[in-house]
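Worksheet: one structure, shown below.
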Amino acid sequence: MLRPVTTDIEALKILDERLRWLSSWTIHHANHVRESADGLKVGGHQASCASMTAIMSALYFHALGPNDRVAVKPHAGPVLHAIHYLLGTQSREALENFRGFGGAQSYPSRTKDKIPVDFSTGSVGLGVAITLFASLVQDYLTAHGWMDESDRGRFVALIGDAELDEGNIYEAIIEGTKHDVRNLWWIVDYNRQSLDATSADRMFERFDEIFRSCGWRVVEIRYGKKLSRALEGNSALKDWFEKLSNAELSALHYQGGAAWRRRIEDALGKKSATFLKEHDEASLAALFTDLGGHCMETLVEAFDAAQDDVPTFFIAWTIKGFGLPFAGHKDNHAGLMNPTQLGALRETMGVREGQEWEPLEGVGDNSRPGVEALLERSRIAREKRPRAFGSVDVPAIPAPAGDEQSTQAAFGRILLDLSKAGGALADRVVTTSPDVTVSTNLGAWVNQRGLFRRAEMPDIFAQAKIASAQKWGANNNGQHIELGIAESNLFLMLAAAGLSGDLFAERLFPIGTLYDPFIARGLDALNYACYQDARFLLVATPSGITLGPEGGAHQSINPPLIALGQPGLRHYEPAFADELAAMMEEAFRLIDDRAGESTYLRLSTRSIEQVPRSDDGWRDGALAGGYWLREPGPDAEAAIVSMGAVIPEALSAWEELKDDVPGIGLLAVTSPDLLHRGWTTAQAARWNGERQPSHIEQLLSRLSRGAGLVTIADAAPASLSWLGGVFGQRVVPLGVEKFGQTGNLADLYAAYRLDGDAITEAVAEILLPA
Ligand SMILES: Cc1ncc(C[n+]2csc(CCOP(=O)(O)OP(=O)(O)O)c2C)c(N)n1
Ligand SMILES: [Mg+2]
């Protein structure tokens with residue numbers, strides 16, 4: 001039975017045990033008790049949870065303040081659920097349905113779990129780094145006067161030690177050093193085991209050096225009180241212990257007291273006689289498992305001692321599977337206790353059969369009031385906050401004037417005009433770019449609004465009166481966060497800024513720019529941002545082989561296909577500046593709309609003649625994914641379907657063909673992504689008896705059923721070729737399927753079949769009988 005509570009430490013220890021039990025039981029229940037409908041292994045990570053129940057108990061029931069936010073190591077999700085179960089904010093039903101449909105999620109999810117999840121996790125490394133960018137957003141909000149200094153919180157990442165192999169963590173700390181980030185606690189669950197094996201010994205002490213050199217405080221929580229005392233006066237034993245390899249240490253933790261005795265005798269001989277006489281096998285096992293990450297006093301002391309805002313990297317030594325039968329075993333990552341082992345654990349934890357879900361089962365009457373008081377205090381700190389939407393009015397965004405424009409130049413002009421006009425939206429826009437601010441046309445905006453830095457940074461070139469188009473002083477009012485070249489950081493920055501409404505109840509309108517091909521470099525971080533429903537505008541420019549002389553390494557091909565398959569991100573690819581203005585207005589609206597999403601604009605440096613408009617009839621269609629730029633005749637037999645920067649080729653081919661192919665239409669596609677979604681949504685609705693045709697069905701129904709479509713895009717042709725599936729119309733898809741190369745536009749368009757000749761030939765092919 002557990003002891004009566006005398007101090008918070010005692011209550012925290014009890015809660016540590018409750019967490020270990022409840023997380024083990026939740027996983028066990030899902031795998032061994034709940035009926036299986038399909039015979040699939042349900043899974044879960046009992047060892048990874050047991051590894052950090054003490055750390056999480058000390059954190060959630062002692063150290064965290066109400067404004068603190070935590071990214072929990074993905075496979076410790078069940079511990080987070082257990083914490084909220086104890087706090088009364090998670091239901092038994094959700095736990096009984098862990099990893100089931102609608103139940104508690106395997107890995108903490110902001111959007112799907114009902115408990116407050118500050119950051120979703122799952123793809124290791126990303127949850128760690130986003131905390132750094134969230135702290136930067138917090139600094140940004142306080143510097144701009146939207147948040148009180150006193151409301152600032154700390155950002156905590158709970159990290160698996162193998163997670164430290166993810167390069168994005170180091171990209172983030174390098175960026176963080178430049179921005180002097182603070183209020184961060186990164187706590188490593190240093191169990192020296194990964195999924196496959198024990199971790200490499202060679203990295204020992206390297207992590208400390210890396211973090212220290214980036215300005216972090218490193219706190220090693222290696223020994224618990226008992227073990228520390230035992231080793232203090234026994235330097236031979238301490239020396240031997242500290243030289244054990246990761247694999248040896250894990251194996252000993254698995255084998256237990258007898259193995260410890262044997263190994264110590266072998267290694268130290270007579271020198272260990274007194275020590276071994278004083279310890280039986282059980283006490284040897286208990287002693288050597290008293291690592292810092294399992295010792296409540298040590299953890300609480302370490303957390304209490306780090307109360308300033310210096311970013312702190314804690315290395316808490318732990319045992320994977322602590323207290324469970326497979327503790328320390330190298331294969332325990334996905335290991336599950338069998339019913340007999342679980343039964344034994346139940347007994348040692350004082351849980352009666354049938355009472356497994358009882359939150360405070362096994363806690364004695366004397367202890368209860370202290371535990372309950374601690375839970376009550378912690379409950380208030382962990383309350384879920386509502387998401388904030390609809391706070392900023394988005395004004396109409398006018399199109400920049402000019403007969404010839406590129407969409408990239410128009411983007412810069414629109415932002416500059418927005419800045420000059422001022423207003424709530426302009427003030428809440430925050431731009432960011434991985435060292436391509438100038439080349440993506442954000443320069444004029446930054447001249448107007450300045451770089452953001454907590455500490456004033458003069459523009460030395462301007463002070464020295466050296467001529468430059470970029471006048472970039474930095475101060476804490478600036479609205480552009482300049483990043484180093486690492487694209488992964490861009491997406492994590494967008495993720496954090498795109499959650500500002502949720503995390504801080506203050507909406508920001510984040511805009512990130514990069515070159516289109518380099519989306520691939522940060523793709524998992526982009527997916528991660530979308531997964532947690534962060535809201536932002538991603539502007540990718542330049543794109544495609546239209547970039548000409550820059551060549552194949554910079555010419556993107558497949559991002560429209562990426563966007564087609566990416567939930568939470570709407571792809572628009574405008575051809576004209578007025579389309580772009582409408583899309584930016586829509587993107588801003590979507591950022592602040594509960595049912596909205598993020599937007600990806602794929603832009604180009606090609607300056608093209610703008611089309612005259614007689615009215616606004618094109619606008620709704622453009623925002624829905626496409627519109628007839630040249631209306632087809634009744635039951636037309638052919639149409640050209642064009643996306644983005646190749647519109648001049650499509651228009652000239654249409655001019656050339658219009659007399660020979662009566663009624664030929666020209667469809668401007670602005671979003672294959674929206675058209676496809678609309679199409680599949682309408683099909684799904686038909687199963688429910690709703691017969692509203694989708695936008696693409698309405699557009700294509702203007703043509704005859706046997707009509708042919710020639711699609712053209714400076715992108716993978718599969719972006720548009722699927723249009724033939726809507727009504728079974730024939731398609732000749734033109735686009736780029738081989739890597740690009742240097743060249744002028746005429747040469748490249750001819751070589752890659754993106755020119756007017758290719759279009760007319762393709763139209764001829766579909767009209768001539770086979
Ligand atoms: C990006 C990514 N790669 C691989 C995985 C699969 N995976 C999940 S946990 C894990 C190892 C975790 O080891 P560690 O971080 O030390 O956590 P522990 O369970 O030991 O606490 C791996 C490879 C993942 N979730 N994300
Ligand atoms: Mg590990």
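Every number for a ligand or one of its atoms is a count from 1 in the order of the listing.
By the 6.0 Å and 45° rule, R99 stacks over the aromatic ring of Y107.
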(message) Under the criterion ring-ring contact (aromatic ring centres under 6.0 Å, His included), I'd like the reasoning laid out for H253 against W260: C-alpha separation, chi angles, the key distance, then a yes or no.
(response) CA-CA 8 Å; H253 281 138; W260 282 104; 5.5 Å; yes

(message) Test side-chain contact (heavy atoms from CB on, under 4.5 Å) on W21 and E356; report intermediate values, then the result.
(response) CA-CA 9 Å; W21 166 255; E356 291 87 352; 3.6 Å; yes

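With hydrogens and angles left out, the side-chain atoms of D533 and T111 include no donor and acceptor closer than 3.5 Å. At a cut-off of 3.5 Å, with distance as the only test, no side-chain donor of D68 or Y60 sits close to an acceptor on the other residue. For the residue pair D189 and T318, a side-chain donor N or O sits within less than 3.5 Å of a side-chain acceptor on the partner. In the model, H62 has a side-chain atom that pairs as donor or acceptor with a side-chain atom of D304 under 3.5 Å. Side-chain atoms of S199 and S194 form no donor-acceptor pair, as typed in the model, at a separation below 3.5 Å.
Protein atoms of type N/O/S that fall under 2.8 Å from the Mg ion (ligand 2) number 3 in this view.
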Can you give me a line-by-line list of nitrogen or oxygen pairs between ligand 1 and the protein shorter than 3.5 Å?
unit_1	atom_1	unit_2	atom_2	d
ligand 1	15 (O)	A162	N	3.3
ligand 1	15 (O)	E163	N	3.2
ligand 1	16 (O)	D161	N	3.3
ligand 1	16 (O)	D161	OD1	2.7
ligand 1	16 (O)	A162	N	2.9
ligand 1	16 (O)	Q193	O	2.8
ligand 1	17 (O)	H75	NE2	2.9
ligand 1	19 (O)	S48	OG	2.7
ligand 1	19 (O)	H75	NE2	3.0
ligand 1	19 (O)	K320	NZ	2.9
ligand 1	19 (O)	H333	ND1	3.4
ligand 1	20 (O)	N191	OD1	3.2
ligand 1	20 (O)	N191	ND2	3.1
ligand 1	20 (O)	Q193	O	2.8
ligand 1	20 (O)	K320	NZ	2.8
ligand 1	21 (O)	K73	NZ	2.7
ligand 1	21 (O)	N191	ND2	3.2
ligand 1	25 (N)	G122	O	2.9
ligand 1	26 (N)	V124	N	3.1

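Taking the ring centroids of W186 and F313, they lie at or beyond the 6.0 Å cut-off.
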